[in-house]
Amino acid sequence: MVPMLRPTLRPDVAPTVHDEVAAAGSELIGGPAGRRVRPGGGPWNPLRVVALVTIGMFALGMAQKLPCYDGGWFLGASEQYIHACYSDIPHLYGARGFADDRIPYFEQIPEPTEHFAHLEYPVLTGLFMQLAAWLTPGGTTDPRPEQIYWLVNSGMLLVCAVVVAVCVARTHRHRPWDGLLVALAPALALTATINWDLLAGALTCAALLMWSRSRPLAAGVLLGLATAAKFYPLLLLGPLLVLCWRAGRWRAFATAAAGAAGAWLTVNLPFMLRAWDGWSEFYTFSQERPVDFGSFWLVLVHRFDADLPPERVNLLATLLMAAGCAALAVLALAAPRRPRLGQLAFLVVALFILTNKVYSPQYVLWLVPLAALARPRWRDMLIWQACEVLYFLGVWMYLAYSTSHQGLPPGGYHLAILVHLLGTAYLGVQVVRDVLRPERDPVRRDGSDDPAGGVLDRAPDAFALSRPAPVPAAPAATAVHWGTSSGDVSRET
């Protein structure tokens, strides 16, 4: 019988073939992909596997919060720190007025503090919190409304987590298995339900997916919505600006920037006009917030008794961030080949995290999908994730020590901060090396340029600070023959 011919532009990249750590880990499920693996279709296609693994890891993360769900959230601070199961979600249900049906931004919280009197979150996150509150029945005692509120939010955040992982799997068309770097990230399981950061992460990843499909307006709109949920997605406009500058794609950048501005204003303007004090609380609190957990500024304050009031730290952190962004711009314009969007996106957000005056444990969710796009290599991802898990445990043990003197003393916590900083810096160095030596880049080894670049992919340079290296020709098309009896796959070019 004549075998059927199924044409395809390129086969998917199998990490168990190209990554030694992935190959070693695959022995648990039968070993590296061989000649009988059918690409693409079937019930176990990459997107379904990525989505199911994400759901499984998310469920494990919820199980890890079980000691707090069963009472730790209500038995004093030390209990939830000792079990490392703290979450903002149940505590803010009452503290921010959702239990009393108070309208965010328009009404004050039940117990205003010296730092804020209204909900201190961006508008889209506040609407997400309010939607979960509407879905939470009140007046019950077993389980408590706070527990149900956490469960409702967890269900909504699970959808966001799946969107993040699937978008990463689809952004690089021929590398869908890179989504497992997100799905299997320990930090995703441990921090997913601490706060609402996954909402901004889902919108950001969807924006990157749209950009990779050469849809700058949709990408800009999603990026603007992401910025309405959290500040950090705004930083991605910087890499887009520099890359479009080098490629001469000004129209695409202008379209994306206009879409982002329009979407952000559409969400924020009604609150700015009718509830300015409540709307501006997030920005005021961010400026006035003192040096806090996880930052190297805190180590300076604790170890060297440095005088660092908020206004001074704001200035110094802004100067460091500006200098770092200038260095990234020079890197992007002077590199032998134009860097990939995922690389610069990771570097600019990592720079913000390293220079910021606070690092909450869930901020790692900002970087997980960007790291999978920037450096899809299991060894480096595992090294960085190990550092983040150590920090996750360290911050809760330090808080336990602060409340009950049973846990990690300040010196140990400072070491945990250093581990987090070095882990993030290590991954950043690997990405910079890939930019300077494109042949090292795992994504470009098969002849790709920038699969997430959209209009930038294989675009010629219009401006560069050095003589650019030639972009390799696109890989030749491949025809995949499907055997009708044995299931073997053979390829012809």
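Quick caveat, the model's predicted, so the values are computed rather than measured.
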Any side-chain heavy atom of Ile194 sitting closer than 4.5 Å to one from Ile89?
no

If every non-hydrogen atom of Ala95 is compared with every non-hydrogen atom of Pro110, which pair is closest and at what distance?
O-CD, 3.3 Å

For Asp441, does its backbone N or O pair with a side-chain atom of Arg340 as donor and acceptor, under 3.5 Å?
no

Does Phe74 have Arg144 sitting over its ring (NZ/CZ under 6.0 Å from centre, angle to axis within 45°)?
yes

Main-chain N/O of Met381 paired with Gln385 side-chain donor or acceptor, under 3.5 Å:
no

Could you check if a side-chain atom of Tyr69 sits within less than 4.5 angstrom of a side-chain atom of Pro143, using non-hydrogen atoms only?
yes

Tell me every residue that passes salt bridge (charged side-chain N to carboxylate O under 4.0 Å, His left out) with Asp434, counting only those two or more places apart in sequence or in another chain.
Arg375, Arg440

Before you tell me yes or no, could you show the steps for Val364 and Phe392 under side-chain contact (heavy atoms from CB on, under 4.5 Å), namely the whole-Å CA-CA distance, both residues' side-chain angles and the distance that decides it to 0.1 Å?
CA-CA 10 Å; Val364 69; Phe392 175 85; over 6 Å; no

Taking atom NE2 of His172 and atom CG of Leu209, what is their separation to the nearest 0.5 Å?
10.5 Å

Report, as yes or no, whether the 6.0 Å neighbourhood of atom CD on Glu311 holds more than 12 heavy atoms from other residues, nucleotides or ligands.
yes

With a 4.5 Å limit on heavy-atom distance, are the side chains of Phe352 and Trp366 in contact?
yes

Correct closest heavy-atom pair for Leu390 and Ala416 would be O-CB, 4.5 Å

Between Ser404 (side chain) and Tyr401 (backbone), is there a donor-acceptor pair under 3.5 Å?
no

Close side-chain approach of Leu236 and Thr204, heavy atoms under 4.5 Å:
yes

So CG of Leu151 and CG of Leu135: to nearest 0.5 Å the spacing works out to 12.5 Å

ring-ring contact (aromatic ring centres under 6.0 Å, His included) with Tyr121: of Tyr105, Trp279, Phe116, Trp196, only one passes, and it is Trp196

So His91 and Trp73, would you call those rings parallel, tilted or perpendicular, with 30° and 60° as cut-offs?
perpendicular

Value rounded to 0.5 Å, distance of SG in Cys85 from CG in Leu66:
8.5 Å

Heavy atoms, side chains only, cut-off 4.5 Å: are Leu328 and Val242 in contact?
no

May I ask you to decide if Gln362's main-chain N or O and Ser360's side chain share a donor-acceptor pair within less than 3.5 Å?
no

Taking all atoms of both residues into account, what is the closest heavy-atom pair of Ala161 and Leu198, and its distance?
CB-CD1, 4.0 Å

For Cys325, which residues count as a side-chain contact (heavy atoms from CB on, under 4.5 Å) partner, sequence neighbours excluded?
Met321, Val348, Leu351

Have a look at Thr424 and tell me which of Trp384, Tyr359, Tyr391 forms a side-chain contact (heavy atoms from CB on, under 4.5 Å) with it.
Trp384

Could you please spell out the steps behind the side-chain contact (heavy atoms from CB on, under 4.5 Å) verdict for Glu281 and Leu119?
CA-CA 7 Å; Glu281 196 75 71; Leu119 182 66; over 6 Å; no

Are the side chain of Tyr413 and the backbone of Gly294 linked by a donor-acceptor contact shorter than 3.5 Å?
yes

OG1 of Thr191 to CG of Asp197, rounded to nearest 0.5 Å, is 8.0 Å

On a heavy-atom basis, the closest approach of Pro216 and Ala252 is CB-O, 3.5 Å

Verdict with reasoning, Asp450 to Gln343, per side chain to side chain donor-acceptor pair (under 3.5 Å):
CA-CA 10 Å; Asp450 185 1; Gln343 293 173 321; over 6 Å; no

Can you find a pair of side-chain heavy atoms, one from Val395 and one from Tyr81, that are under 4.5 Å apart?
no

Might you work through the side-chain contact (heavy atoms from CB on, under 4.5 Å) test for Asn153 and Phe128, ending with a clear yes or no?
CA-CA 9 Å; Asn153 275 281; Phe128 188 93; 3.8 Å; yes

Are any non-hydrogen side-chain atoms of Arg338 and Leu456 less than 4.5 angstrom apart?
yes

Just jot down the side-chain contact (heavy atoms from CB on, under 4.5 Å) partners of Ser286, sequence neighbours excluded, or say none.
Phe282

Regarding Cys167 and Cys205, I want to know if their SG-SG distance comes in below 2.5 Å, which is how I'm defining a disulfide.
no

Check whether Trp297 reaches the backbone of Thr355 with its side chain - one donor and one acceptor, N or O, closer than 3.5 Å.
yes

Are any side-chain N or O atoms of Trp177 and backbone N or O atoms of Pro46, one a donor and one an acceptor, separated by less than 3.5 Å?
no

How are the rings of Phe106 and Phe271 set to each other: parallel, tilted or perpendicular (split at 30° and 60°)?
tilted

Interatomic spacing from CG in Asn268 to CG in Leu124 - rounded to 0.5 Å:
8.5 Å

Backbone N/O of Met129 and side chain of Tyr149: donor-acceptor pair under 3.5 Å:
yes

Which heavy atom of Asp178 sits nearest to which heavy atom of Arg175, and what is that distance?
OD2-NE, 2.6 Å

Steps toward side-chain contact (heavy atoms from CB on, under 4.5 Å) verdict (Val358, Ser295)
CA-CA 5 Å; Val358 59; Ser295 68; 5.7 Å; no

Could you tell me whether a side-chain N or O of Thr125 sits under 3.5 Å from a main-chain N or O of Ala229, the two making a donor and an acceptor?
yes

Atom pair CZ (Arg289) and CG (Asn314), whose distance is rounded to the nearest 0.5 Å:
11.5 Å

Check: Arg213 side chain, Gly454 main-chain N or O, donor-acceptor pair, under 3.5 Å:
no

Indicate yes or no: at least one non-hydrogen side-chain atom of Leu243 is less than 4.5 angstrom from one of Pro339.
yes

Closest non-hydrogen atom pair, Ala133 against Tyr93:
CB-CE1, 4.4 Å

Does the distance from a Lys or Arg side-chain N to an Asp or Glu carboxylate O, for Lys357 and Asp292, drop under 4.0 Å?
no

